[in-house]
Amino acid sequence: MFVISSREFRDNQKMYLDKIDAGAEILLQRGKTKTYRIIRVDEDDTVVKKEHILAPDSDLTSAITAEELLDRLLPRIEEMLAK
């Protein structure tokens, strides 16, 4: 893990992004009170993938109620959690 200033990150951004790609975690300090954690985000890091939200036959031009949306989404979420 690296702890660096925002200026250091800005000046050497490519080097630090290469380190993140290799698996490193960066803590970026901005001023005295703000700290950010920078990690690589992979496709598997998403909570719900797009294909699980929209059915292949979804008609995006038609309006549905919130209840209908939940009826469509809950079984898919339950299926994903069961895997």
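No experiment lies behind these values; they were computed from the predicted model shown.
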* Begin with the C-alpha distance, continue with both residues' side-chain angles, and end with the deciding distance and a verdict on side-chain contact (heavy atoms from CB on, under 4.5 Å) for Ile26 and Ile4. => CA-CA 7 Å; Ile26 304 281; Ile4 58 173; 3.7 Å; yes
Straight-line distance of [X] [atom1] to [Y] [atom2], nearest 0.5 Å:
X     : Y     : atom1 : atom2 : answer
Asn12 : Lys19 : CG    : NZ    : 10.0 Å
Met80 : Leu73 : CE    : CG    : 10.5 Å
Glu25 : Arg37 : CD    : CZ    : 4.5 Å

* Dump the intermediate steps for side-chain contact (heavy atoms from CB on, under 4.5 Å) on Leu27 and Met1, then the final yes or no. => CA-CA 7 Å; Leu27 290 182; Met1 178 184 305; 3.4 Å; yes
* Taking atom types as modelled, is there a side-chain donor on Tyr16 or Glu8 under 3.5 Å from an acceptor on the other? -> yes
* Check side chain to side chain contact (heavy atoms under 4.5 Å, CB included) between Leu17 and all other residues, then give those that pass, not counting sequence neighbours. =>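 Checked Leu17 against side chain to side chain contact (heavy atoms under 4.5 Å, CB included); matches are Phe9, Gln13, Ile20.
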* Asked: Would you say Phe2 and Met15 are hydrophobically clustered, going by side-chain heavy atoms of ILVMFWY under 4.5 Å?
  ->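 Phe2 clusters together with Met15.
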* Are the charged groups of Lys14 and Asp18 less than 4.0 angstrom apart, N to O? -> yes
* Which atom of Pro75 lies closest to which atom of Leu70, heavy atoms considered -> CD-O, 4.1 Å
* Enclosure of Arg30 CZ (heavy-atom neighbours >12, cutoff 6.0 Å) -> no
